[in-house]
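Each chain gets a letter, A, B and so on, in the order its sequence line appears, and its residues count up from 1.
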Protein chains: 2
Amino acid sequence: MDTIQNITLKLTEHNIKPSLQRIKIYEYISKNLIHPAVDTIYEELIKEIPTLSKTTVYNTLKLFEKQNLIRSVNIDETEIRYDARKDTHGHFICTECGKIFDFNYNYNKIKINGLKEFEITQQNFNIKGICPECKNNKK
Amino acid sequence: MDTIQNITLKLTEHNIKPSLQRIKIYEYISKNLIHPAVDTIYEELIKEIPTLSKTTVYNTLKLFEKQNLIRSVNIDETEIRYDARKDTHGHFICTECGKIFDFNYNYNKIKINGLKEFEITQQNFNIKGICPECKNNKK
DNA sequence: TCCATATTTGTAATAATTACAATTTTATAA
DNA sequence: TTATAAAATTGTAATTATTACAAATATGGA
């Protein structure tokens, strides 16, 4: 469970000082696995922290990503989305409703040609298309 | 070869009327497989077409993508890149030098869980890391 | 040639992100 | 406890990619 205590510990483990803002931002991302954009996070948290600045959200997310606590998902052309899931998985975005779905894939089975000697630090597997629900609505 | 005649034909096949601007923009992307951004394309072509407008470049690339002639690559956080290659391949971006490298992968061999009933129209497999050259320079 | 339509152009607007300086908070040592 | 330095947060202004839109230009058919 992601209790406040656990979040504090997790931040500390990643060399991030656990301020209220940081705890709340991480809590939101880890409890809402909807790959939120900066603005979504900001709009939700301003309700709890009325003095919150959007710059803080930007700074904090950058810090989290640098410290390898979260990852950014650039599946949306207009804004960066964030994800607290750290295991290897891809993202499907529905071009009708805009919803993002996670999918699992087996990275080891992919035969990648042309990447010998390349050091991999991050991977994004993004697929676009139409989700089952929107497909049904179209009929 | 991508002669002007071939480009004209290719545009026509994709239901795109071959204007000078369109031909030149497609020629640039297909001859320079560097995944150029809008600005790069514009800066190069303004030399040949002094009246060229950046809006035209934007409009044209959007049209090309809609007509399935090229694909967009959202590997760069700040700007959209474009690619004339249509076969399945992924992109590796070096976080040191910013260069983008193509790699091949076998999509059919990937075991994807959670995408039954999803209609796939586009896929982007992006990997970030350090290229061999930059790795050597760091030592 | 004339006219309708498509394309291109230029400018202004929009929106995500960053820069930066001021303010506030936190941690520490006297 | 108090003074002080460092870190974090905030708010505003600047930057930049992209889009909206209307005017100008080019194209093709009657």
How long is the line joining [atom1] of [X] and [atom2] of [N], in whole Å?
| X | N | atom1 | atom2 | result |
| --- | --- | --- | --- | --- |
| B/E79 | C/dA15 | CD | C1' | 17 Å |
| B/R22 | D/dA26 | CZ | P | 15 Å |
| A/D76 | D/dT18 | CG | P | 13 Å |
| B/Y82 | D/dA17 | OH | P | 13 Å |
| A/K17 | D/dA5 | NZ | P | 17 Å |
| B/K62 | C/dT8 | NZ | P | 16 Å |
| B/L20 | D/dT25 | CG | P | 17 Å |
| A/K66 | D/dA8 | NZ | P | 10 Å |

Answer yes or no: is there a donor N or O on one side and an acceptor on the other, between the side chain of [X] and the main chain of [Y], under 3.5 Å?
| X | Y | value |
| --- | --- | --- |
| A/S72 | A/Y82 | no |
| B/R22 | B/T60 | no |
| A/N74 | B/E77 | no |
| B/Q122 | A/K128 | no |

Counting only non-hydrogen atoms, which of residues 39-61 of chain A are less than 4.0 Å from DNA chain C?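 A/T55, A/Y58, in order of number.
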
Taking only Lys NZ, Arg NE, NH1 and NH2, and the carboxylate oxygens of Asp or Glu, determine whether A/K24 and A/E27 approach each other closer than 4.0 Å.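 Yes, this pair counts.
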
Mind telling me whether B/H89 and B/H91 have parallel, tilted or perpendicular rings, with 30° and 60° as the class edges?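 Answer is perpendicular, since the angle exceeds 60°.
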
Per A/Q21 side chain, nearest of listed nucleotides C/dT7, D/dT10, C/dT18: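 Selected nucleotide (nearest to the side chain): D/dT10.
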
